[in-house]
Structure formats: structure tokens, C-alpha cells
Amino acid sequence: MREMKTLGIYVQVPFCQTKCTYCNFHTGVVSSARFAPYVQCVCEEMARHREFYAAAGVGLPAGIADAVVDTIYIGGGTPSLLDAGHLRRIVDAVRDNFVADLTEVTLEADPETVTAEKAAAWVAAGINRVSFGVQSFCDEELQAAGRMHRRADVYRAAAILRAAGIANISFDLIAGLPKQTRGSWRDSLDSLVELAPEHVSVYLLEVDEGSRLGGEILRGGKRYSAGDVPGDDEMAEFYETACAVLEAAGYRHYEISNWAKPGFASRHNLKYWRREPYLGFGAGAHSFSGTERWANAHDAADYVNAVMAGRLPVEQHEKLTAEGALEEELFLGLRQLEGIDVARIEREYGVSLDARFARLSSAGLIEREGSLVRLAPGRVSVSNEVFVELMK
Ligand code: SF4
């Protein structure tokens with residue numbers, strides 16, 4: 001029997017209420033008057049995606065063009081800022097323009113934007129999973145990071161979503177925020193466990209020139225509480241604490257940054273690590289057809305102007321080589337803690353991976369069990385080292 005292909009749809013909403021100090025995403029604070037034209041363009045892009053791709057030189061393999069869409073992820077930015085009617089239009093546009101059998105429809109939300117009216121409308125639109133940018137339960141850290149919500153908002157918003165019937169909630173936390181201490185990190189983890197979301201993501205603070213805080217840290221300055229950022233060793237310890245606390249609370253660590261209660265691993269995000277196809281709509285959205293990767297223009301105004309002029313502004317477009325695809329199999333696949341099936345990869349790519357894995361295995365960084373290779377337990381926080389070795 002032929003395996004049925006499924007497809008994920010990602011929709012990028014690049015608008016926020018303020019700019020968090022650590023943010024290195026292409027998002028902007030704009031007048032709400034710009035929301036409706038943007039949503040109109042996203043729906044237009046979905047309706048005309050085949051024609052737009054053809055004009056931009058993007059090939060859509062036959063199996064993808066008629067695949068069944070089973071997941072939608074509306075991310076950002078802060079998509080929960082949009083009117084519920086806008087979000088409904090987006091979900092309806094997926095149903096109107098694709099073969100849809102939706103099992104997971106995720107909305108990223110900031111806790112302070114949640115109201116009972118919005119939550120009820122989200123459920124009515126078909127949204128069945130909400131991913132919260134909690135980041136911390138400590139008000140001092142939230143304030144230093146430029147976040148709009150406070151600890152009390154997380155409790156209030158989670159209760160509203162539960163009452164509205166959302167049975168799949170994810171919380172994001174960031175390890176390494178300014179002013180974070182061993183004690184405050186433990187408190188954030190304990191508070192999270194108390195609220196019992198089905199899914200958890202823990203990210204380490206990224207320090208690069210792309211954010212105001214990152215730039216300040218690199219320059220050795222003090223603005224944005226840059227002098228109060230935990231060191232690398234502390235961050236590694238925070239990650240280890242998260243692993244222990246979440247495991248004790250019944251979460252399964254299934255990807256380097258992600259934990260889930262049984263049955264609640266993110267179906268949409270698994271597609272990224274398993275190299276399954278997804279199409280992205282909106283400014284800066286990335287797509288993967290199985291053989292090609294491309295991204296739309298990052299600037300929301302450029303994106304809207306182009307779509308209104310009947311053109312898709314593709315900024316990056318790459319046709320993967322066999323070597324590039326193989327590197328992705330290893331780099332993305334090993335992020336999943338269950339590991340990768342080496343026999344399948346060797347068969348599909350006609351290569352032997354023994355030499356690559358032998359070095360890592362003797363260094364104790366990976367473990368092998370038959371055809372499965374996975375990061376060694378306790379070595380997940382050094383996974384970057386593994387990936388650098390693998391790419392040699
Ligand atoms: S809410 Fe998220 S996307 Fe928006 S500024 Fe903050 S970190 Fe960036």
C-alpha cells in the first residue's frame with residue numbers, strides 16, 4: 001500500500017506589541033491597521049501558491065501538491081494579537097486551498113493577549129493547541145527582558161484556555177535570561193509543572209548581534225541588564241535541572257529543546273526534524289518540499305507589496321544536493337533523542353557512515369543500538385560538538 005503523504009502548513013505573523021530585548025527575529029511593532037491587509041495577502045498566497053511557485057522557479061513535487069494537510073502552525077511574532085476573525089480566515093484558507101484533515105492546529109500566543117472571548121473564537125476556528133511564550137515565571141526577569149506579561153498573566157491565561165476547551169498547551173521557557181538565578185530558574189520550572197502544560201520547550205538564550213541584549217553582551221555593556229546574564233556553565237546547569245525536573249514530572253524528552261507528556265509531541269515540529277514537507281506562508285516563512293528549500297521576503301511591507309502586485313517575493317531558494325540532504329538527515333535527525341535509523345539513511349544515500357560515527361562513539365558522545373544511533377544520555381547539552389564532528 002502506498003504511504004499517504006502529509007503536509008504541514010506554517011503561517012508567519014511578524015507583528016509584536018513591543019520588541020523583547022533578546023529577540024533576534026524579523027518582527028516589528030506596527031499599527032493594527034496593517035493586520036488585515038497582511039492576512040489578506042497570506043490568504044492570497046495560499047490561493048495562488050502553485051502559480052506563485054512556478055513563477056519564482058520553485059518546483060512542487062506531485063506528491064506534495066496533493067498531500068493531505070494535517071498540521072497548521074501559526075507562529076510569529078505574536079499571532080494572538082490578530083483578531084480572532086483574522087485567524088479564522090487563515091485556517092479557512094488552508095481548508096479552502098488544500099486537502100485538509102487537520103489533527104493539530106497550533107497558535108503561538110503571549111499570555112497577556114488571551115481573553116475568554118478570543119479563546120472561545122480560537123476553538124471555534126479549529127485551533128486546538130496553544131503555544132505560550134512564557135519564558136519565565138519571575139517578574140523581575142520578565143521586566144528586564146522587555147516582556148509585556150507577568151507571572152499572574154500566565155496563570156490567568158492558562159485557566160482561560162482550559163475553560164475554553166484547549167487540551168493541548170505548550171509553554172516556552174528561556175534559560176539564561178538576565179537576572180536569572182539557580183533559585184529563580186527552579187521556581188519557573190516548579191511553577192510550570194504546577195500548571196501542567198502538555199508540552200514544554202526550553203531554549204538557551206542566544207547571544208548574537210541580532211538582538212539588543214546580545215549586542216550589548218558582546219560589547220561588554222550594561223544596558224538591558226547585560227551584566228546580569230548567567231554564565232555558560234550556569235546555563236548548562238539550568239538545562240540539566242530542566243531535564244531532571246521535567247522527567248520527574250512525567251515529560252518525555254523527545255528533542256533537544258522539547259519535552260511532552262505521552263502522546264503530545266508536536267506533530268508539526270516533528271516534520272522539521274524528520275525532513276517531512278511543509279509550506280510556509282507570510283513574510284519570512286520557510287518552506288521545504290523534500291528536494292528544495294525556500295523562504296519568503298522577511299520584510300512584511302515588501303511581502304505585502306509584492307503579493308498585492310501578484311508576485312511571490314522569494315528571498316532564498318536552494319535545491320538540495322545529495323550531500324546537503326544527507327547532512328540534514330544527520331543534523332536534524334540527531335536532534336530527536338530517539339535517534340536516527342542509520343541503515344535507512346545508508347540505503348537511501350548509498351553511503352557508509354561507520355567512519356563518521358566511530359569517532360563520536362569512541363568519544364562517548366553517541367550510542368549505537370543495532371541500526372539506531374542517538375546522542376548519548378547526559379551528552380545532549382554538548383550536542384553542538386557532535387554536530388560539528390558529524391559535518392567534517
Ligand atoms: S514576542 Fe517573541 S517575536 Fe515578539 S519581540 Fe518578543 S521574542 Fe521577539
Side-chain angles (χ1 to χ4, degrees), residues 10-32 34-35 38-39 42 73-82 86-87 90 106-115 118 122 129-151 153-154 157-158 161 169-180 188 197 199-217 223-226 229 235 257-258 266 268-269 280-286 295-301 303:
Y10 178 83
V11 175
Q12 170 70 355
V13 179
F15 308 126
C16 290
Q17 300 185 88
T18 55
K19 193 78 178 167
C20 305
T21 63
Y22 59 84
C23 181
N24 56 7
F25 297 140
H26 291 273
T27 57
V29 179
V30 302
S31 151
S32 58
R34 285 179 54 187
F35 295 168
Y38 183 81
V39 170
V42 167
Y73 195 105
I74 307 174
T78 310
S80 57
L81 277 182
L82 296 184
H86 291 144
L87 295 166
I90 290 171
T106 302
L107 174 73
E108 278 187 353
D110 278 1
E112 79 281 3
T113 61
V114 177
T115 64
K118 274 185 169 182
W122 293 346
R129 183 173 185 270
V130 173
S131 176
F132 268 144
V134 174
Q135 321 312 4
S136 166
F137 281 84
C138 171
D139 285 352
E140 201 188 9
E141 292 166 26
L142 291 167
Q143 187 173 9
R147 298 290 311 194
M148 297 283 285
H149 72 273
R150 296 294 177 261
R151 175 188 182 92
D153 293 313
V154 183
L161 291 184
I169 299 180
S170 181
F171 281 4
D172 288 357
L173 290 182
I174 298 180
L177 286 175
K179 299 183 182 290
Q180 204 166 53
S188 283
H199 187 276
V200 181
S201 301
V202 175
Y203 300 108
L204 302 186
L205 181 77
E206 281 184 32
V207 176
D208 60 36
E209 281 288 351
S211 71
R212 289 176 293 158
L213 174 61
E216 193 69 9
I217 294 171
R223 285 186 301 171
Y224 316 118
S225 304
V229 171
M235 270 185 14
S257 304
N258 290 283
S266 165
H268 184 85
N269 289 343
F281 297 94
H286 288 245
N296 290 348
H298 280 95
D299 186 88
Y303 166 81

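In each ligand, atom 1 is the first atom listed, and ligand 1 is the first ligand listed. On a predicted model such as this, the values are computed, not experimentally measured, just so you know.
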Next item on the list: Determine the minimum heavy-atom distance between T113 and L81, stating which atoms define it.
Entry: CG2-CD2, 4.0 Å
Check: Quick one: which ligand 1 atoms are inside 4.0 Å of a heavy atom on T78?
Finding: 1 (S)
Note to self: Testing R147, H149, Q135 one by one against D110 for a side-chain hydrogen bond (donor to acceptor under 3.5 Å, both in side chains), which residue passes?
What the structure shows: R147
Notebook entry, point to check: Given that the side chain starts at C-beta and the backbone is N, CA, C, O, which of these parts of D110 lies under 4.0 Å from ligand 1, counting heavy atoms, or is it both or neither?
Noted result: side chain
Next item on the list: Mark up the atoms of ligand 1 that fall under 4.0 Å of a heavy atom belonging to G77, in ascending order.
Entry: 3 (S)
Next item on the list: Please check if any side-chain donor atom of D208 sits under 3.5 Å from a side-chain acceptor atom of N24, or the reverse.
Entry: yes
Note to self: Would you say that more than 12 heavy atoms from the other residues, nucleotides or ligands in this model lie under 6.0 Å from the OH of Y203, or not?
What the structure shows: yes
Notebook entry, point to check: How about Y224 and Y22: are their ring centres within less than 6.0 Å of each other?
Noted result: no
Note to self: Under a 4.0 angstrom heavy-atom cut-off, which atoms of ligand 1 come close to T27?
What the structure shows: 3 (S)
Margin query: Within the 4.0 Å heavy-atom shell around T18, which atoms of ligand 1 are there?
Written below: 5 (S)
Note to self: Quick check on contacts: which atoms of ligand 1 are under 4.0 angstrom from a heavy atom of F25?
What the structure shows: 3 (S)
Checklist line | Nearest-contact summary for atom 2 (Fe) of ligand 1 - protein heavy atom, Å | finding: R147 NH1, 4.1 Å
Notebook entry, point to check: If you look at every heavy atom in T18 and G146, which pair is closest and at what distance?
Noted result: OG1-O, 3.6 Å
Note to self: Please determine whether the number of non-hydrogen atoms from other residues, nucleotides or ligands lying under 6.0 Å from atom CD of E112 exceeds 12.
What the structure shows: yes
Next item on the list: Taking both backbone and side-chain atoms into account, decide whether C20 has an N/O/S atom under 2.8 Å from atom 4 (Fe) of ligand 1.
Entry: no
Notebook entry, point to check: Counting from 1, what ligand 1 atoms have a heavy atom of C23 closer than 4.0 Å?
Noted result: 3 (S), 5 (S), 7 (S), 8 (Fe)
Check: How far is atom 4 (Fe) of ligand 1 from its nearest protein heavy atom, and which residue and atom is that?
Finding: C16 SG, 2.2 Å
